[in-house]
Amino acid sequence: MKRTHKLLKYKRALKRLNPRNFLMLTIAGIINAFGVTIFLSPVKLYDSGISGTSMLLAQITPDVWSLSVFLILLNVPLFLYGLKKQGITFTIYAIYSVAIYSLGAWLITDVLPVDVSIASPLAGEDLLLCALFGGLISGLGSGTAIRYGGAMDGIEVMAVIFAKRLGITVGTFVMAYNILLYIVCGFVMHSWILPLYSIVTYMAALKTVDFIVEGLDRSKAALIVSAKQKEVCKALSLEFEQGMTILSAKGFYSGADRNVIYIVLNRFQISKMKTIVHNIDPAAYITISDVADVFKMNQDVKNNSPKPVEQQTVPAASK
């Protein structure tokens, strides 16, 4: 019975696989392979996570054990081991991404007429240029993979599995792994220059991944406590032409019932929002926080038959 249930679950998951995602994951794998093999590997800089581990192992083992081989050997078992936690759809997308990355790396290093054995074909032996552009390009590939449901590296799957057992966060696990990796690279290569430049690569890739996954125009959520709620809502609605949520709250010291206005804006609208609110109510209390992502639920309602501002209950983001 359980086996039948699992098979049905997997069949439903397979039906959700999107050809567009596979196309974007193919592009992501090629981009990642280009960044790593053209800029990082030739000058012995290291990517982060399992990709960086694969690069180190490829350098200290016989030529038959290439980067492409280690990418498959190290990543695929991790994705399969994390199948239960991550789901079949993610696992398929992730393995496909790594397979394309591995294939692209093999084509560039062993098939195409490109010499990447001594120096970068584009940046020469300039370690700073290689670190920056290698990080930016590999980060572009990794970020695109994440955005379309996959992953280019099994380190985060490993973190999800082991971080809780070790009593640390996923982010701490990933950071600790990368620090340990770069320390090992320093001892193995008898040089600390390359691991230090690899940290530049890591930071460039990290920022690029954030940009691709979350976007440049990241949304902000504002909570506004004001005694002039209706006036504030009306002014914000007229200015930004979007909905907002009214939350019921109670003051801790006063015990008075209050309404809190919740609105999601882009970062360029925040300054104007504060000016509008404080012009109406100088005593208004405003807190602002980052929003990782926004899903517009009331777009059709907004376009066809908008409700009065005090009745709207779902925020819409401006992008």
Side-chain angles (χ1 to χ4, degrees), residues 132 135-136 139-140 142-144 146-149 156 163 168-172 174-175 200 202-319:
L132 286 173
L136 289 171
L140 175 61
S142 297
T144 303
I146 294 170
R147 192 173 182 89
Y148 287 92
E156 291 188 3
I168 58 177
T169 65
V170 170
T172 302
V174 173
M175 181 66 73
V200 176
Y202 174 55
M203 296 308 297
L206 197 62
K207 289 297 181 183
T208 308
V209 169
D210 286 343
F211 170 75
I212 297 298
V213 175
E214 298 172 358
L216 176 65
D217 193 11
R218 190 171 183 177
S219 296
K220 301 277 187 180
L223 289 171
I224 306 165
V225 182
S226 172
K228 299 180 179 179
Q229 167 215 319
K230 288 189 177 181
E231 293 92 328
V232 169
C233 285
K234 185 176 180 181
L236 294 177
S237 181
L238 288 172
E239 178 63 34
F240 301 119
E241 298 182 349
Q242 68 177 68
M244 60 203 76
T245 299
I246 307 301
L247 306 172
S248 297
K250 179 175 283 191
F252 175 71
Y253 290 107
S254 65
D257 291 328
R258 290 186 177 276
N259 287 324
V260 178
I261 303 163
Y262 177 84
I263 185 169
V264 178
L265 302 166
N266 65 48
R267 63 193 179 95
F268 301 108
Q269 296 172 319
I270 292 297
S271 178
K272 198 163 193 177
M273 178 273 294
K274 290 190 287 188
T275 302
I276 291 170
V277 172
H278 283 141
N279 281 343
I280 297 170
D281 183 4
Y285 179 79
I286 305 172
T287 64
I288 298 167
S289 57
D290 287 326
V291 176
D293 212 340
V294 176
F295 300 92
K296 296 186 179 181
M297 299 295 290
N298 65 337
Q299 190 66 39
D300 293 336
V301 175
K302 182 180 173 183
N303 290 339
N304 297 325
S305 54
K307 298 177 182 179
V309 66
E310 58 267 27
Q311 294 179 16
Q312 289 194 18
T313 58
V314 183
S318 295
K319 290 189 177 179

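Since the model is a prediction, treat every value here as computed from it, not as a measurement.
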Apply the test side-chain contact (heavy atoms from CB on, under 4.5 Å) to residues Leu140 and Leu136: give CA-CA distance (whole Å), side-chain angles for both, the deciding distance (0.1 Å), then the verdict.
CA-CA 6 Å; Leu140 175 61; Leu136 289 171; over 6 Å; no
Can you check whether Ile212's main-chain N or O pairs, donor with acceptor, with Arg147's side chain at less than 3.5 Å?
yes
Can you measure from CG (Leu265) to NZ (Lys272) and round to the nearest 0.5 angstrom?
11.5 Å
Quick note, side-chain hydrogen bond (donor to acceptor under 3.5 Å, both in side chains) partners involving residues 278-289, not counting sequence neighbours, are Ser226-Asp281
Can you name the closest pair of heavy atoms from Ala235 and Ile280 and give their distance?
CB-CD1, 3.5 Å
Between Thr208 and Gly135, the two heavy atoms sitting closest are OG1-O, 4.4 Å
As an exercise, state the distance from CD of Gln269 to CD1 of Ile276, rounded to the nearest 0.5 Å.
9.5 Å
Please report the shortest heavy-atom distance between Lys250 and Asp257, naming the atom on each side.
CE-OD1, 3.1 Å
Pairwise distance CD1(Ile270) to OG(Ser219) - rounded to 0.5 angstrom
9.0 Å
Kindly determine whether Ile288 and Met273 satisfy side-chain contact (heavy atoms from CB on, under 4.5 Å), including the steps that lead there.
CA-CA 11 Å; Ile288 298 167; Met273 178 273 294; 4.2 Å; yes
Contact check, side chains of Lys220 and Asp290, non-hydrogen atoms, under 4.5 Å:
yes
Please determine which of Ile246, Ile286, Val277 meets the side-chain contact (heavy atoms from CB on, under 4.5 Å) test together with Ile261.
Ile246
Would you give the length of the straight line joining atom CG of Leu223 to atom OG1 of Thr245, rounded to the nearest 0.5 angstrom?
10.0 Å
